[in-house]
2 protein chains.
Amino acid sequence: MTELVSAGIEPLFRLLSRYMPLTAEDRAALTMLEVGPICTKEARADLAREGENPSVIRLLVSGWACRYKDLPDGRRQIVAFFLPGDFCDLSVYILSELDHSIGALTPVRYFELLPHQFQQVIDERPHLLRALLWHEMVASGIQREWLLSIGQRTPVERLSHLFVELYSRLKAVGQAQDHCFDFPITQHNLAEANGLSLVHVNRTLQEMRRMELIELADRQLRILDLEKLKRIAMFNNNYLHFNRE
Amino acid sequence: MTELVSAGIEPLFRLLSRYMPLTAEDRAALTMLEVGPICTKEARADLAREGENPSVIRLLVSGWACRYKDLPDGRRQIVAFFLPGDFCDLSVYILSELDHSIGALTPVRYFELLPHQFQQVIDERPHLLRALLWHEMVASGIQREWLLSIGQRTPVERLSHLFVELYSRLKAVGQAQDHCFDFPITQHNLAEANGLSLVHVNRTLQEMRRMELIELADRQLRILDLEKLKRIAMFNNNYLHFNRE
DNA sequence: AGTTGCACCTAACGCAAGTTATAATGAGTT
DNA sequence: AACTCATTATAACTTGCGTTAGGTGCAACT
């Protein structure tokens, strides 16, 4: 039972360790975040909608979620992927009204933290605040990289870049080994994240398979040639700010 | 002389006032930021390059600048516009290496602040920190909105949205009245910011003139029908988080 | 007066990517 | 077993937007 619960902060701990060395005490402090009951949502459910005024900070434990924005006529843009270990709403500390929505892409499990619980952890271990802020800054850097992708990269480059990014981030939380990882989202989701039509995502994936860059089947993505993929994507890992590779 | 110098923080003071009420003491504290000499750069000069490790926080006083990222083959994406009153590098507090560059779009004037000078102001007036964090969060929200624009909005919608955003932001720092403001950047810059070719930006502007949405000539932009422009852009001002309209 | 460079404008051409439609598969339901 | 519904695939058609290649006007410099 205990190990099941403490599996909750494992991705978060690994993630923050990428930015700075953390001790066993830090890890213990982080387990204080596991107070509340664990929440679950089905794929395609919303965790929060634009315009709401949330009072909790969500820590994703398993599954993939996303931040998205939509237009009155139904067009939708995914602006970020949340992977295990990610916080969805750290901005709650400062801003009131949400300017975006949060949706589950797969079935998800997450903790809902009240700001004061969160505060407690920071008070106990002040340098964790720095690690968390770092994580937020990296999230912001990822947004910028996505703008570069959508604005300038071709579809093959764009998907290549995204796959390398996801591989790096999943490896950081121990969810990717070799050049292979669970890829639980649909081509439709890829389209929404990359400003492409569903049909064109499919075409582009076919092309990437022909180029022997990736294998993608049965919700598993295998990168066949990581170096080539990085070259094509013009991937520069500095924006992830992982200090300890 | 004094009023010339204190004109430096005027845009910043106005900007932060949009988020929360500020007092004369706050204003006085902010003038402490004007310590160093004022710096200047020509249009098209860089203030900082990706990969650098800056030790200063830049506060833009006049002119327009941008945050941009570029690819090895020369493609370039502007990911944010900096207007007077904006900080270029608040993230220096946390991250070390820059994952983007900062460039002047017009001749600019700015202060370079050392983190400890900055700290001094925050210590004196703690709630200014909150206002500054707020400003950072808004910047992040603007990034998300841009992602929505580039990913989903048509060129006319995209430019419409940008013009409304710039009008709102410039009004907040007292640089736009009526429906008119100085528009010192080139169509080439608009192209770089919107993921469009120069030629297509020109086409799109022509169309917007035909639609009687805007007039743009002699570096002056006039919005002819703000409500119509907002409707076309599907502009929802919540992402700017201006509490006091 | 001539040159250079920059910003803006316009037209012709072609391809990349969106749209629409249809089919195959598989999982979950009744 | 028949139903839905989501997902992937792929073909035919259309179009938006990039590319290339010009043009003009203006300011700065020689």
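Here is how names work: the chains are called A, B, and so on, in the same order as the sequence lines, proteins then strands, and each is numbered from 1.
No more than 12 heavy atoms of other residues, nucleotides or ligands lie within 6.0 Å of CZ in A:Arg222, so this atom counts as exposed by the packing criterion.
The separation between A:Leu190 atom CG and D:dA9 atom C1' is 15 Å, rounded to whole Å. In this structure, CD1 of A:Ile214 is placed 14 Å from C1' of D:dT8, rounded to the nearest angstrom. Remark: P of D:dC5 and CD of A:Glu42 are 17 Å apart, rounded to the nearest angstrom. Distance A:Met208 CE to D:dA9 C1': 17 Å, rounded to the nearest Å.
In this structure, A:His179 and A:Tyr167 have perpendicular ring planes: the angle between them is above 60°, well past the 30° mark.
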Can you give one letter per nucleotide of nucleotides 5-20 of chain C, going 5' to 3': B for a protein heavy atom under 4.0 Å from the base, S for sugar-phosphate only, - for none?
--SSBBBB----BBBB

One character per nucleotide, please: for nucleotides 23-30 of chain D, 5' to 3', B when the base has a protein heavy atom closer than 4.0 Å, S when only the sugar-phosphate does, - otherwise.
--------

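A 4.5 Å side-chain heavy-atom check between A:Arg219 and A:Asp182 finds every atom pair outside the cut-off.
Taking the six-membered ring for Trp and the full ring otherwise, the centers of A:Trp146 and A:Tyr239 sit at least 6.0 Å from each other.
Residue pairs meeting the salt bridge (charged side-chain N to carboxylate O under 4.0 Å, His left out) criterion with at least one member in residues 61-78 of chain A, sequence neighbours excluded: A:Arg49-A:Asp70, A:Lys69-B:Glu145, A:Asp73-A:Arg75, A:Arg75-B:Glu157, A:Arg76-A:Glu192.
If you take CG on A:Leu229 and CZ on A:Phe163, they are separated by 8.0 Å, rounding to the nearest 0.5 Å.
A:Glu10 has a carboxylate O that lies under 4.0 Å from a charged side-chain N of A:Arg14, or vice versa, which qualifies the two as a salt bridge.
Checking A:Val173, A:Leu83, A:Ile9 one by one against A:Leu15, the side chain to side chain contact (heavy atoms under 4.5 Å, CB included) holds for a single residue, A:Val173.
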